[in-house]
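Report on the structure given below.
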Amino acid sequence: MKLLEYEAKDYFRKYGIPTPEGCMITDPVQARMFIEKLGKPIVIKAQLPVGGRGKAGGIQFADTPNEAKNMAAHMLGKQIKGLTIEKLYVEEKLDIVNEIYLGVTIDRRNKSHVILASSEGGVEIEVVAEETPEKIIRHLVDPVNGLRSFHANLIAKRLGFKGRKMRQFADFVMKLYSLADEMDAELTEINPLAELEDGFIAADARLLVDNNALFRHKELEDKLLSSLQGELTEREMEARAQDLTYVELDGDIGIIGNGAGLTMATLDTVMLYGGKAANFLDLGGGATPERIEKAVKFVLRDTRTKAVFVNVLGGITRGDHTAQGIVAARQELGSVKPIVVRMAGTKEKEGRRILKKAGIETLDSMEEGAKLAVKLAEGS
Amino acid sequence: MKLLEYEAKDYFRKYGIPTPEGCMITDPVQARMFIEKLGKPIVIKAQLPVGGRGKAGGIQFADTPNEAKNMAAHMLGKQIKGLTIEKLYVEEKLDIVNEIYLGVTIDRRNKSHVILASSEGGVEIEVVAEETPEKIIRHLVDPVNGLRSFHANLIAKRLGFKGRKMRQFADFVMKLYSLADEMDAELTEINPLAELEDGFIAADARLLVDNNALFRHKELEDKLLSSLQGELTEREMEARAQDLTYVELDGDIGIIGNGAGLTMATLDTVMLYGGKAANFLDLGGGATPERIEKAVKFVLRDTRTKAVFVNVLGGITRGDHTAQGIVAARQELGSVKPIVVRMAGTKEKEGRRILKKAGIETLDSMEEGAKLAVKLAEGS
Amino acid sequence: MPRFIDRDTRVVVQGITGSQGEFHTRLMKEYGTKIVAGVTPGRGGMEEVGIPVFDTIVEAKESHEIDASIIFVPAPYALDAALEAVEAELDPVVVITEGIPVRDSIQLVARAKLNGTTIVGPNTPGLIKAGESKMGIMPAQVFKKGDVGIISRSGTLFYEIAAHITRLGLGESTCVGLGGDPVVGLEFIDVLRWFEDDPETKAVALIGEIGGDAEERAAEFISGGEFTKPIAAYIAGRAAVPGKRMGHAGAIIQGSSGSAESKINALKKAGVSVGDLPGQVAEALRELL
Amino acid sequence: MPRFIDRDTRVVVQGITGSQGEFHTRLMKEYGTKIVAGVTPGRGGMEEVGIPVFDTIVEAKESHEIDASIIFVPAPYALDAALEAVEAELDPVVVITEGIPVRDSIQLVARAKLNGTTIVGPNTPGLIKAGESKMGIMPAQVFKKGDVGIISRSGTLFYEIAAHITRLGLGESTCVGLGGDPVVGLEFIDVLRWFEDDPETKAVALIGEIGGDAEERAAEFISGGEFTKPIAAYIAGRAAVPGKRMGHAGAIIQGSSGSAESKINALKKAGVSVGDLPGQVAEALRELL
């Protein structure tokens, strides 16, 4: 899950990472109060779970209390990428000598955390990786031995820092890694990490926590759903609330499969035959009739859907359960949209019998099923 | 450093280890208030840095507010093993089903932490080890992999606990190990660890923290000196305050050496020739004239000392410095106690010259020096 | 070299008393897997599907010889369970559990490596030696003893392709699910090495999907000439959109990396026959054999 | 087998800019030790005693070939420094630092073992190959090239006995201080094994003290017949009182274990000549050789 900047900075402070003085506000008056107390120019940042807010006007500056209040009032309620700004983060404006990038993420190939640092801060790291890869320092963290001060010193050194600055930056690296490790971060990054005259400070803060690890971070569980707003479409949010593994696509054939690989292959096959999937919906293993009914209903209700292809290879998932779920969904919705079912494996015969009775076509192979679904979607 | 029970229990609570309700008091009235609030019989325990307080009357019980107040008044100010009781710990009295021992300490041979557990709680573990060693479960903790729940489960199982109790006890083990590890404990033990009807609780708590690790536990540094009261003699406390590595012994020859091994060998040699050392004083490496002066004065001031043997094998420690320190100490104290000096190594000649001028005898070998010191002590 | 299984492999089921554990223990037993013990902390002394249950593996080993472990323990406890199996020198350790934090998988894989233990998964359907033994949740009926080894990152798609292979009369030797998580123990290359030396495997089906670069690395390995047997592949996710997780935690195209196209191109360049449809993998293998 | 040193061993000094580090770097250089670099984080780029100083070992290795490390870093930072040397594949790693928390020593020794690295110390005077090289703080003048290997838990007592040996004209081969802490890397047995195979060592002096059971285990090893060279021993601490630390953190008699008597008896039972006086060790060796 993606934390907002102000939430991420709360964790940064907990781990002793220097951050500018700031606070989250929801009312323009608070912006005035903050700048009055601070007595220095401030930056006002929209708190939204999407990237690229800077270009979209989500980062503004103010030098006086009135400016701060007016600007905050101007920003609150505005929309960026379809999301309404409800929270702002006001923060002291920094005298930045230099902008650095520092991040910790997972290296799939090496099966470890990797620390990325670059003297090219303030730019997206992907852009740096593309254009000047030699400017990115990569340090793989040994999972058994962890990160030690000498690793951090070397990272700081490679970035060009010496003496006191080297040790200050190394300290920053150590703390950010501790946070990444203990908070189960899939990604945490500071971009830009500001170099000041006498040290470093996290001008921005990004923190993505592994959803699978939320049992270790109970305080975040409640925030999960709201954190997904920027990431998921409305329909995906709905599916999530119904506990369905669903990805929205832009075609017109609803796809339901059991197992991620099979469902992906179903999409691919539909595409191969000239169709376009409206979604990816993975039932997972051993779905009950109720779960299947819920899934089919969810896809049928999608007005874009012209036909539905259900592809179930039975192992733990039973054919009869699948059939029952499909029939129930269709009956309850009174839907006449064509449904194609490919069914094989456990309780296949029983399933086919149930579907036949309900007038739903079943096929032996995914290929045939995909072909038929494409044809039906075109014909409708 | 040895923490008092109430201090140790504060740490136990921090690590989520169940402890009886209790509090530290210094005034009998507080005992009455505690029992009134608790509404149950209590136990009153003297807080002293020495073992065996139970046998010495340091643990008492009270059923009523008056009893509590009177008993606390009776205990405060009393002496146990030469130490005055200034603090008491009042605590709810438990309904104990069974007493267990659980401890974590360092296994020198295996170079790891070791967890010790025994169904024979309430008795000293050394006694159990002597009489019924088969009743002690030992688990060595792999320093790289740490302690895992399945290790703790097995310890609980070996103690005879099953099902829910197994998991409860295992949880206790995990928490005590976390505390031992993170607090740099040389030893932490719970004896007895009380088995109740529905769980376990730490009836007592012992925690010895590695003095070398106090830089990681700043909050304890101030308490170090007072914690040594039970461990060190008055003279040893004084030496410590002067930063001298000193052990008090019961003879009459003051021994000063450089290096622990050499100083021990000096004691042994003196003993071999029929003498008895009054102390062990290790100058360490590279002592300055001032440090040597301080050490010699400290030993000379001991009224039991009849002669002093200074044994310095110079490496980093210089002969001239040694000689200057000895001469200065003697002059300043105006002492006439005989001093024998064995000197070899760096600046040996210069040192001997200085000592000769001051009328102090120097010898080539430790053996000769020890012999002479014994003779002089006998003769005085 | 990873360690796999055969009819003599003696298996402990960790998490045997859970519904998944119990259900699949029954199916594995039916298939012929030598399940000798189960472990669930706190449940020692009971029986499940006729299998004695212990609190710890150490205790199970006191009365039973055990070679390997399969784990159905819930995600929060799975790391400890797997490390228990590693410490008990069981090998392979098959982690069926889904939803394990990636930090735990990193720890597990690194510590197992120190011990030289093969970790299959997490989030894997497991492995099967057709006709002899299975440590996994795959439906038995689609497998038949034969010559084709299968390596797959996914579950049902793996069964789908196995069914095609079986239908064409080729049959399977050893089949291994690698797991759908971003960090897993066993990888394509490890299994390819093993298949190269396995006399019972004459050809290999490789089933990949979007995310990561395991397929690209497998292609590189194959290009290197160390793998000499016929091989056909299928890659799922051509229709996937970048930045979205397609069911599996590991199935995600990040920036320019992890696309199906990149994997397909790499494999084709390495001379691997890549099917556009799952069924084409079986057909290609029939021709190659 | 532990790795020791000779005139060709190229050494880095960690903590070279501290007063101890600087002082002993000078003395080691004078003795002939090939000190090629120093490391102090934050001090990279300067020079100390004519030796270039780096911030990290990795950087030092970019311009210098380095074999081994000696550490003078203050106790709170010593674990990290030693692990840096281990990770850089330096061997041996000699930890002079005193006062390291025992938890850190446990971690260091365990992690070095995974890497196969010899840790000498902590709290050791170091080691010396007489007449060639020293990585330690021992006074050079008491050593002279010869046939006797020395292993000692203490420092000055070790020099005392070395001086006796030198005075009798025997001289020393390789001498190793094990360190006075309760948990150290190298132990008597490790060094005895090495001495057994070392052609330059004809006899051995073993210098122990109260605390722990390293001497008893050495005696057991010697009894086992794996050590065949003449050996004489001295054990310090007969006059020590139980429960008191005698200077060294490790020199403490706990309960019934760790007494000088126990060690002396064990060694005598193993056929080792144990002197009542330090000088008698040298005399015994002269007779045994």
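Computation of the quantities below employed the complete heavy-atom set of this structure, encompassing side-chain atoms and omitting hydrogens, waters and symmetry-equivalent molecules. Quick note on labels: first sequence line is chain A, next is B, and so on, each numbered from 1.
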TODO: For atom CD of B:E221, decide whether the heavy atoms of other residues, nucleotides or ligands shown that lie under 6.0 angstrom number more than 12.
DONE: yes

Task: Contact class of C:Q107 relative to chain B, heavy atoms under 4.5 angstrom - done: neither

Task: Enclosure of B:E36 CD (heavy-atom neighbours >12, cutoff 6.0 Å) - done: yes

Open item on the list: For the interface with chain B, which of C:D80, C:L79, C:D55 has the highest count of heavy-atom pairs at distances below 4.5 Å?
Closed with: C:D80

TODO: Using non-hydrogen atoms and a 4.5 Å limit, figure out which bit of C:I57 sits close to chain B: side chain, backbone, both or neither.
DONE: neither

TODO: Give a yes or no on whether B:R164 atom CZ has more than 12 heavy-atom contacts from other residues, nucleotides or ligands under 6.0 Å away.
DONE: no

- [ ] Nearest 0.5 Å please: distance from the CZ atom of B:R158 over to the CD atom of C:E59.
- [x] 6.0 Å

Task: Interface moiety of C:R111 toward chain B, non-hydrogen atoms closer than 4.5 Å - done: side chain

Open item on the list: For B:K162, which atoms come within 4.5 Å of any heavy atom of chain C: side chain, backbone, both, or neither?
Closed with: neither

Task: Neighbour count >12 (heavy atoms, 6.0 Å) for atom NZ, C:K113 - done: no

Open item on the list: If you count heavy atoms of other groups shown closer than 6.0 angstrom to CG of B:D95, is the number above 12?
Closed with: no

- [ ] Might you confirm whether atom CD of C:E98 has over 12 heavy atoms from other residues, nucleotides or ligands at distances under 6.0 Å?
- [x] no

- [ ] Please report the closest heavy-atom contact between C:T56 and B:F150, naming both atoms and the distance.
- [x] CG2-O, 4.0 Å

Open item on the list: Check whether B:N153 reaches the backbone of C:P41 with its side chain - one donor and one acceptor, N or O, closer than 3.5 Å.
Closed with: no

TODO: Ignoring hydrogens and angles, tell me if any N or O in the side chain of B:R148 forms a donor-acceptor pair with the backbone of C:E84 under 3.5 Å.
DONE: no

Open item on the list: If you count heavy atoms of other groups shown closer than 6.0 angstrom to CZ of C:R3, is the number above 12?
Closed with: yes

Task: Which portion of B:N145 sits near chain C, non-hydrogen atoms under 4.5 angstrom - done: both

